[in-house]
Structures are given as C-alpha cells and as structure tokens.
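Order of appearance sets the numbers: ligands from 1, and atoms from 1 within every ligand.
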Amino acid sequence: MKAFLPSGARPQVALVLGSGLGSYAEQLHQSRSIDYAELGFPRSHVPGHAGRLFYGRAGGVGGVEVLAMQGRIHAYEGHDLQTVVLPVRALCRAGCGIVFLTNAAGGIGEGLAAGDLVLIRDHLNLVGGSPLRGDNDATLGPRFPDMSTVYDLRLRTLAEQVAKRLNVRLPSGVYACGLGPQYETPAEVRMLRTLGADLVGMSTVPEAIAANHMGARVLGISCVTNLAAGISAQALSHDEVTETAGRVRQVFIRLLDGILGEIGRELDASPATR
Ligand code: HPA
C-alpha cells in the first residue's frame, strides 16, 4: 500500500463503491489506481465490481484524501468473512479513520422507490457469521466491541445537511444483510419488514462490523436499485440492479462529492477527530 501512495499522502476516508456505483472513483482529483491483485486483495468476479483501488482527493484540489475501492468482494463468492473485510481493514490501517460504505439494495421500507438513495442508520446482520469470529487481534480492537452507534451520528447529520442543500431526497433506513447470492423470497421480505428492515442486500454489514471494531467512523448509503421481491411484481435481476445504479449515477456522484467535501472541511476544522 505504501508503495502505491504518493509520498506524504495521508488518506483519511476509505470509500467502498458498490454494484454499478464505481464510477465515482474516476472523479477523484490527482488520482492514481492499482489493481486489487497487486495489493493482495481478493478480486470480485461480479459484473459492476471492477477491482481497482483509487487514491485521490475528493471535492476538488486540496480536498480530503480518499482511498476508493471500485467494487468489493462478498461472502457469497465463497470467501470467509475475514477475507471479505481484509481490504477495509487494510484501508483503516493505512490511516483512514472514516469508512464510507455504499451499496445497491432492494427497497422494503414504506415509500421507497427504485432510484432512491437511503442513508443507513443501523443494520441487521443476517449473514450467519461475524468477521470477528476467532481469536481477537487486540491490535485491531476489543474482543466485544460496542455496536450501539455503528453509523456515526455526526456523519449522518452532515450527509443529511448536504442532501438538503443539493435538493436530493435522502431518507434513512435499516439495512439487512443476507448471505445471498439468491435474492429473497416474498415471504423472506415480509419477515425482514417485520424485523424492521427498510433495505436488503448482500454486503456492507461485515465491513461495518470490522470498521467499527477498529474504531473507525462509519457512514453508509444504499442505492435502491429495485423494490424487494414481492413488493415489486417484477422478477429481480442483476441487470436491473446495475441499470438503476447507472441511472442515478449523476445524483450519486453529486451527493458523494458534496458529502466528502464537507467531511474534508470538518476534518480541517477539527484535526483532533481524525
Ligand atoms: N436483495 C438483495 N440484494 C440486493 C437487492 C435485493 O433486492 N437489490 C440489490 N442488491
């Protein structure tokens, strides 16, 4: 990682770009990129997950330094959860104190529509495991990490303020993460709604657990690429997921740029919170 970063670089935000949302990395200023394979990161074979790590500044010259992952790997690809979170742990180790997770998700919550962006306020871990299983590495974090505020309150407020300023609707919701790769049945979606889920997907939660374990501040935004099974009359497909993600690309980029710009200003104003 050190050899990849320009000398003097101090990346502060790790950004994970989910299904079909990777193009934001190309907006970074003074950017450079490297293939995951060269960093020893596992590579995703899912279309829409390019497998490159970008370094650059967000929100213009002098903006916050970001390490952006164009795509991620998932447990359903056969990786154990420790492997799934390896890149996020590496980015935290490289100095990122903020982990910004994005994903494509099915919409369950009342009033959600395909194309909506939703701020994750909490999650349900239904993956059937934890990336923290096994011996605890105390250099990463505590054996029993608190999970009462995984999604940083200050960062959520900041994201909501930016969305308001940009006139982008940004409701908040609870994200449920299943193992996949099959989409849910309508009965499972009814169960998830009863459990309090607004969104359903197959990623993000293991990364949020690992980042929270390391003491990073986590921010999460889902792009509702489809209504969940049974809510939509239509059969679900990955093509629909990447198509919708592509359709909201411009709004998503504007929102991310606005939020990262604001995070940069806030970090500059109070470097102690870095
Ligand atoms: N379910 C699970 N994961 C998803 C969905 C969904 O409906 N849409 C995008 N990722």
Side-chain angles (χ1 to χ4, degrees), residues 15-24 44-51 69-79 81 84-85 88 100-129 131 151 169-209 220-249 251-252 255-256:
L15 175 64
V16 181
L17 297 162
S19 278
L21 302 169
S23 63
Y24 179 76
S44 174
H45 297 287
V46 182
H49 291 262
M69 290 175 59
Q70 227 177 22
R72 55 156 61 90
I73 55 156
H74 308 81
Y76 65 72
E77 295 179 76
H79 303 287
L81 292 170
V84 168
V85 303
V88 161
F100 189 171
L101 303 168
T102 70
N103 61 47
I108 297 176
E110 200 74 45
L112 291 181
D116 280 349
L117 299 173
V118 181
L119 187 61
I120 302 174
R121 67 165 185 272
D122 205 348
H123 73 223
L124 295 168
N125 178 14
L126 304 174
V127 178
Y151 300 87
R169 207 171 88 83
L170 188 68
S172 74
V174 173
Y175 176 92
C177 175
L179 177 60
Q182 72 285 353
Y183 292 114
E184 300 69 33
T185 64
E188 286 165 345
V189 170
R190 284 195 298 277
M191 173 189 75
L192 292 171
R193 175 180 268 168
T194 306
L195 294 178
D198 299 295
L199 304 154
V200 59
M202 308 171 191
S203 70
T204 302
V205 165
E207 294 153 348
I209 292 171
I221 290 186
S222 289
C223 170
V224 176
T225 50
N226 55 278
L227 291 181
I231 298 178
S232 152
Q234 238 177 295
L236 307 191
S237 74
H238 188 62
D239 286 349
E240 182 189 0
V241 168
T242 47
E243 235 170 72
T244 311
R247 181 156 63 74
V248 302
R249 179 161 42 220
V251 180
F252 181 75
L255 183 64
L256 252 61

J.: Hey, does Val88 have a side-chain heavy atom less than 4.5 Å from the side chain of Arg72?
T.: no

J.: Would you check if Met202 and Tyr183 make a side-chain contact, meaning some heavy-atom pair closer than 4.5 Å?
T.: yes

J.: Check ligand 1 against Thr225 and write out every atom of the ligand that is under 4.0 Å from a heavy-atom position of the residue.
T.: 8 (N), 9 (C)

J.: Under 4.0 Å from any heavy atom of Ala105, which atoms of ligand 1 are there?
T.: 5 (C), 8 (N), 9 (C), 10 (N)

J.: Given side chains that start at C-beta, do those of His123 and Thr204 come closer than 4.5 Å, heavy atoms only?
T.: no

J.: Has Tyr175 got a side-chain atom pairing as donor or acceptor with Ser203's backbone, closer than 3.5 angstrom?
T.: yes

J.: In terms of atom number and element, which parts of ligand 1 are under 4.0 angstrom from non-hydrogen atoms of Ala104?
T.: 9 (C), 10 (N)

J.: Is any N or O atom of Tyr183, backbone or side chain, closer than 3.5 Å to an N or O atom of ligand 1?
T.: no

J.: Give the atom numbers and elements of ligand 1 that come within less than 4.0 Å of a heavy atom of Leu236.
T.: 7 (O)

J.: Counting distance only, does the side-chain N/O of Thr242 pair as donor-acceptor with the main-chain N or O of Asp239 below 3.5 Å?
T.: yes

J.: Within the distance-only criterion (no hydrogens, no angle test), does the side chain of Thr102 pair as donor or acceptor with the backbone N or O of Gly18 below 3.5 angstrom?
T.: yes

J.: Taking only heavy atoms of Glu184, which atoms of ligand 1 are found under 4.0 Å from at least one of them?
T.: 1 (N), 2 (C), 6 (C), 7 (O)

J.: To which protein heavy atom is atom 5 (C) of ligand 1 closest, and what is the distance rounded to 0.1 Å?
T.: Gly106 N, 3.4 Å

J.: Return yes if some donor-acceptor pair links the side-chain N/O of Arg193 with the main-chain N/O of Ile108 below 3.5 Å, else return no.
T.: yes

J.: Which is closest to atom 8 (N) of ligand 1 by heavy-atom distance: Asn226, Asn103, Val224?
T.: Asn226

J.: Rounded to the nearest 0.5 Å, what separates atom CD1 in Ile221 from atom CG in Leu255?
T.: 4.5 Å

J.: As an exercise, identify every atom of ligand 1 less than 4.0 angstrom from a heavy atom of Gly201.
T.: 2 (C), 3 (N)

J.: Below 4.0 angstrom from a heavy atom of Val241, which ligand 1 atoms are there? Numbered from 1 as shown, please.
T.: 8 (N), 9 (C)

J.: Using a strict cut-off of 4.0 Å, indicate which atoms of ligand 1 neighbour a heavy atom of Met202.
T.: 2 (C), 3 (N)

